[in-house]
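Have a look at the structure below, then the notes.
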There are 2 protein chains.
Amino acid sequence: MARTTREHRPAAERREQLLDAAVEVMRAGGVAAATTRAVADRAGLPQGAFHYCFRSKDELFGALLERELDASLGRAWAAVTAAGDLESGIAGALGAILDRVRSDPEYHLLTAELVDVAARTPDLAHVAAREHGAYVEQAERMLRGWTDAGGVPLAVPARAVAESLVAASTGITSAWLASRDDAAAEATVALLARGVALAATPR
Amino acid sequence: MARTTREHRPAAERREQLLDAAVEVMRAGGVAAATTRAVADRAGLPQGAFHYCFRSKDELFGALLERELDASLGRAWAAVTAAGDLESGIAGALGAILDRVRSDPEYHLLTAELVDVAARTPDLAHVAAREHGAYVEQAERMLRGWTDAGGVPLAVPARAVAESLVAASTGITSAWLASRDDAAAEATVALLARGVALAATPR
DNA sequence: GTCTATACGTGGATAGAC
DNA sequence: GTCTATCCACGTATAGAC
């Protein structure tokens with residue numbers, strides 16, 4: 001027998017429910033699949049619920065973008081702790097990111113698509129830019145952690161090295177997502193790690 | 001006064017018209033904006049014309065993907081001709097790609113989105129993979145051209161260097177598309193070019 | 001072969017009941 | 001605050017005129 005009434009829950013909780021559901025729907029079918037109906041259905045809510053949690057689909061989209069990118073950011077360079085020399089530290093970091101992508105390709109395909117869409121949408125462009133900046137900053141912090149502790153001096157600004165690492169990780173990631181070629185990805189990790197380390201260290 | 005009849009043109013020509021129109025529509029509004037109506041309108045054709053040129057929207061999408069990626073590929077590393085040493089050759093190549101992206105950001109945002117969508121779509125995943133492979137191959141050919149001519153030996157397989165260059169160019173491109181930071185992008189080009197050259201050359 | 005008119009489904013959003 | 005019923009615009013595809 002169908003339940004006629006539904007438990008009343010605070011709107012904030014419903015929002016989270018809907019955001020979770022949106023991610024699930026998008027994982028399976030991409031951004032285009034996330035209609036208000038599909039998202040609400042997945043969340044086990046009536047379609048109308050959508051519009052008293054979010055004013056519009058665009059608003060959900062913005063909220064989703066911020067939440068997922070922040071979450072993704074938090075996990076990005078986290079796995080990397082210690083490092084012997086600079087090269088193996090960088091290789092470890094790039095390898096860790098690659099592993100995360102390999103363990104959940106759909107999710108990372110989704111975040112890539114989200115960033116693309118955000119970069120095009122005027123209201124959301126700043127989110128993509130801010131996210132990129134935060135990503136670089138985190139890489140820079142990681143680098144400084146190593147250099148301060150291990151006494152490895154850099155021949156170039158840490159910021160520039162950080163930018164290069166972010167570019168490298170993005171490139172490696174999207175190459176793997178397109179080709180699914182493990183060997184090539186690992187070779188690229190090794191070569192770029194070696195290269196960045198060499199270019200960043202005084203000779 | 002409205003023209004009541006329309007000139008009859010061969011279907012192949014209509015297809016090109018529609019593909020051109022699809023690119024224009026997508027540049028402005030992303031992949032999602034490319035509805036059959038919008039595309040046909042932009043091409044100056046009735047909506048129904050769509051369906052005797054393409055069996056479905058998916059078919060247009062596949063055709064578009066192949067055409068644009070092939071075109072993009074043809075232009076990718078073409079600007080680079082000669083090079084003094086390996087490092088400046090690589091820097092020139094990466095810089096040329098960055099310039100192309102800067103001169104037409106919407107278009108490159110679009111190709112990025114197209115690749116994302118293709119990678120997710122089962123029927124189209126092979127297109128993304130093939131494109132990536134072709135891209136690497138072209139970079140490898142460029143490298144071989146330099147090494148054969150200039151007598152610059154490589155310490156690692158040319159293929160691995162090529163993979164790294166493709167990853168680097170992708171990463172640099174998407175960083176710039178997100179941040180629009182010219183200085184950072186140029187610094188990354190320089191650092192990665194230097195790094196790849198150092199890592200690829202016997203020490 | 002080319003084009004028009006139209007059917008049918010889907011999607012976003014709202015008004016108002018509970 | 002929560003939910004239902006419904007509106008209207010849009011999107012794809014087809015049937016059939018020219």
Side-chain angles (χ1 to χ4, degrees), chain A residues 1-26 28-65 113-114 117 121 123-124, chain B residues 1-26 28-65 113-114 117 121 123-124:
Chain A
M1 63 183 187
R3 184 176 47 185
T4 53
T5 63
R6 187 186 302 271
E7 200 175 0
H8 282 214
R9 312 257 43 183
E13 192 170 326
R14 295 295 192 210
R15 278 175 67 104
E16 289 303 311
Q17 247 179 291
L18 286 169
L19 288 172
D20 290 342
V23 172
E24 288 174 41
V25 170
M26 286 181 178
V31 173
T35 64
T36 58
R37 279 181 160 80
V39 171
D41 277 5
R42 187 66 124 114
L45 296 175
Q47 188 266 340
F50 192 96
H51 289 285
Y52 62 84
C53 295
F54 297 100
R55 274 153 47 90
S56 70
K57 198 181 157 184
D58 279 3
E59 192 180 300
L60 166 96
F61 197 76
L64 184 67
L65 202 55
E113 202 182 341
L114 282 175
V117 175
T121 311
D123 287 353
L124 263 34
Chain B
M1 63 186 188
R3 184 176 49 185
T4 54
T5 63
R6 188 186 303 272
E7 199 175 0
H8 283 213
R9 312 258 42 184
E13 191 171 326
R14 295 294 191 213
R15 277 176 68 105
E16 289 304 311
Q17 250 179 291
L18 286 168
L19 288 172
D20 290 341
V23 172
E24 288 174 42
V25 170
M26 287 181 177
V31 173
T35 64
T36 59
R37 273 181 162 80
V39 170
D41 278 5
R42 186 66 123 118
L45 295 175
Q47 188 268 337
F50 193 97
H51 289 284
Y52 63 83
C53 295
F54 297 100
R55 273 152 47 91
S56 70
K57 196 182 157 184
D58 280 3
E59 192 179 301
L60 165 97
F61 197 76
L64 184 68
L65 202 56
E113 202 183 342
L114 281 175
V117 175
T121 310
D123 287 354
L124 262 33

**Request:** Check the distance between C:dG11's C1' and A:Asp41's CG and give it to me in whole angstrom.
**Result:** 12 Å

**Fill in**
Whole-Å distance, B:Glu13 CD to C:dG1 P, equals 15 Å

**Request:** Can you run down the salt bridge (Lys or Arg N to Asp or Glu O under 4.0 Å) pairs that involve residues 50-62 of chain B, sequence neighbours left out, and say none if there aren't any?
**Result:** B:Arg15-B:Glu59, B:Arg55-B:Glu59

**Request:** Looking only at side-chain atoms of A:Gln47, point me to the closest of C:dT14, C:dA5, D:dC3.
**Result:** C:dT14

**Complete:** On a heavy-atom basis, the closest approach of B:Leu124 and B:Gly62 is CD1-CA, 4.4 Å

**Fill in**
Against the side chain of A:Arg14, the closest entry in D:dC3, C:dT2, D:dA13 is D:dC3

**Request:** Taking only heavy atoms on the protein side, list every residue of residues 28-39 of chain A lying under 4.0 Å from any atom of DNA chain C, sorted numerically.
**Result:** A:Thr35, A:Thr36, A:Arg37

May I have the list of side-chain donor-acceptor pairs in residues 34-51 of chain A shorter than 3.5 Å, sequence neighbours left out?
residue	atom	partner	partner atom	Å
A:Thr35	OG1	A:Ala38	N	3.0
A:Thr36	OG1	A:Gln47	NE2	3.3
A:Arg42	NH1	A:Glu24	OE1	2.7

**Request:** Measure across B:Ala22 and B:Leu64 and return the closest heavy-atom pair with its distance rounded to 0.1 Å.
**Result:** CB-CD2, 4.3 Å

**Item:** For atom NE2 of A:His8 and atom P of D:dC3, their distance in whole Å
**Value:** 6 Å

**Prompt:** With B:Val31, which residues qualify under side-chain contact (heavy atoms from CB on, under 4.5 Å), at least two apart?
**Reply:** B:Met26, B:Phe61, B:Leu110, B:Glu113, B:Leu114

**Asked** To the nearest Å, how far apart are B:Arg15 CZ and C:dG1 C1'?
**Response** 15 Å

**Message:** Can you see if the side chain of B:His51 gets near the phosphate of D:dA13 - specifically, an N or O under 4.0 Å from OP1 or OP2?
**Reply:** yes

**Asked** If you take all heavy atoms of A:Cys53 and A:Ala11, which pair is closest and at what distance?
**Response** SG-O, 4.4 Å

**Atom-to-atom span, CD of A:Glu59 to P of C:dA13 - whole angstrom** = 10 Å

**Item:** Spacing between B:Phe50 atom CZ and C:dT2 atom P, to the nearest angstrom
**Value:** 16 Å

**Asked** When the distance from NZ of B:Lys57 to C1' of D:dG11 is rounded to whole Å, what number comes out?
**Response** 8 Å

**Message:** Closest approach to the side chain of B:Tyr52, judged atom by atom: which nucleotide of C:dT2, D:dC3, D:dA13 is it?
**Reply:** C:dT2

